[in-house]
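All remarks here apply to the structure that follows.
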Amino acid sequence: MDYQILNLLFRCNKEFSHEKIRKQELSDTECMICSYIYSHENCSQDDVSVALKTDKTTVGKALASLENKGCVVRMQDGADKRIKRLSLTDAGQEKISELIDIHNNWLRDIMVCLSEDEQKQFENYCERLLSAAEKLTK
């Protein structure tokens, strides 16, 4: 497979979603972080950094911005006072659920060219590729 095809697919998604993310007054990084927190309530900044393969400083700056925008709150962990647990505010949940729907609808719309079986195979292939890629980064 030509890497250029994957790269162009990612670029098409970014082009499609970029304006919609901006309308929510979020950066691409903030959107990724909110999406992760949406699916992993009460995670830590380190959890986000590791899962998104993003520098801790970048995540910290984005979280500070998200707090200022009223999208994220940090709460001290009951067992370990050094850890701050992250959760989305109601406003943050509303923003990110709209963006998740946009991404899911885009994916659904482009996958109509595949049969149901092919869609399941594609999802399985992507999971396997992600697993192999993660092994290479460790």
Side-chain angles (χ1 to χ4, degrees):
M1 175 178 204
D2 183 2
Y3 173 75
Q4 190 64 23
I5 293 170
L6 276 178
N7 190 34
L8 289 172
L9 185 60
F10 294 136
R11 285 180 166 274
C12 286
N13 177 265
K14 191 169 185 168
E15 253 181 62
F16 176 83
S17 62
H18 188 75
E19 182 181 324
K20 291 160 183 62
I21 291 170
R22 292 293 173 269
K23 284 182 183 176
Q24 293 293 345
E25 299 177 350
L26 296 174
S27 71
D28 292 336
T29 300
E30 290 169 343
C31 180
M32 281 190 331
I33 290 170
C34 284
S35 294
Y36 183 80
I37 296 170
Y38 184 85
S39 300
H40 302 86
E41 190 74 18
N42 293 318
C43 60
S44 70
Q45 181 173 329
D46 284 348
D47 296 336
V48 173
S49 178
V50 169
L52 299 180
K53 299 183 183 344
T54 305
D55 182 71
K56 289 180 185 181
T57 304
T58 301
V59 172
K61 288 178 183 178
L63 286 171
S65 174
L66 287 165
E67 279 184 301
N68 288 335
K69 293 176 182 180
C71 294
V72 171
V73 292
R74 297 185 216 207
M75 298 164 287
Q76 202 166 42
D77 185 279
D80 187 342
K81 303 293 185 203
R82 298 170 296 170
I83 298 174
K84 302 280 192 214
R85 295 289 167 194
L86 307 170
S87 62
L88 295 175
T89 62
D90 290 341
Q93 285 189 352
E94 186 176 320
K95 281 184 181 196
I96 204 61
S97 64
E98 288 177 29
L99 292 172
I100 288 170
D101 286 344
I102 288 167
H103 287 289
N104 285 338
N105 290 338
W106 178 83
L107 190 56
R108 184 199 65 230
D109 290 348
I110 68 163
M111 290 184 67
V112 297
C113 65
L114 303 175
S115 70
E116 280 188 48
D117 284 343
E118 289 171 326
Q119 289 179 26
K120 289 175 187 174
Q121 286 177 338
F122 179 72
E123 186 174 337
N124 181 267
Y125 295 152
C126 287
E127 288 171 358
R128 289 170 44 198
L129 288 168
L130 177 60
S131 178
E134 287 173 338
K135 286 177 186 173
L136 286 176
T137 60
K138 291 182 182 177

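Positions are given from 1 along the sequence.
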Please round to the nearest 0.5 Å and tell me the distance separating atom [atom1] of [X] and atom [atom2] of [Y].
X	Y	atom1	atom2	answer
Leu114	Gln121	CG	CD	9.5 Å
Asn42	Arg85	CG	CZ	7.0 Å
Glu67	Leu63	CD	CG	7.0 Å
Met32	Thr58	CE	OG1	9.5 Å
Gln93	Asp90	CD	CG	6.0 Å
Glu98	Ile100	CD	CD1	11.0 Å

pair [X]-[Y]: side-chain heavy atoms closer than 4.5 Å:
X	Y	answer
Ser35	Leu99	no
Leu88	Val72	yes
Gln4	Leu8	yes
Ile37	Leu66	no
Val59	Leu52	no
Gln24	Glu30	no
Tyr36	Cys43	yes
Lys120	Asn124	no

request  = Kindly determine whether Gln45 and Ser49 satisfy side-chain contact (heavy atoms from CB on, under 4.5 Å), including the steps that lead there.
outcome  = CA-CA 6 Å; Gln45 181 173 329; Ser49 178; 5.6 Å; no

Contacts of type salt bridge (Lys or Arg N to Asp or Glu O under 4.0 Å), residue [X], not counting sequence neighbours:
X	answer
Arg82	Asp80
Lys84	none
Lys23	Glu19
Glu127	none

Looking only at non-hydrogen atoms, find the nearest pair between [X] and [Y] and report the distance.
X	Y	value
Glu118	Cys113	OE1-O, 4.3 Å
Lys69	Leu26	NZ-CA, 4.1 Å
Gln76	Lys81	NE2-O, 3.0 Å
Met75	Ser87	CE-OG, 3.3 Å
Ile33	Ala62	CD1-CB, 3.5 Å
Gly70	Ala91	O-CB, 3.9 Å

Are [X] and [Y] connected, step by step, through hydrophobic side chains (Ile, Leu, Val, Met, Phe, Trp, Tyr) whose heavy atoms are closer than 4.5 Å?
X	Y	result
Trp106	Phe122	yes
Phe16	Met111	yes
Leu107	Leu9	yes

request  = Could I get the full list of side-chain hydrogen bond (donor to acceptor under 3.5 Å, both in side chains) partners for Asn13, not counting sequence neighbours?
outcome  = none

ask   = Is Glu94 atom CD crowded by more than 12 heavy atoms from other residues, nucleotides or ligands, each under 6.0 Å away?
value = no

query = With sequence neighbours left out, what residues match Lys61 under side-chain contact (heavy atoms from CB on, under 4.5 Å)?
reply = Thr57

query = Do you see a donor-acceptor pair shorter than 3.5 Å between the side chains of Asp47 and Ser44?
reply = yes

message = Does either side chain, that of Asn104 or that of Arg108, offer a donor lying less than 3.5 Å from an acceptor on the other one?
response = no

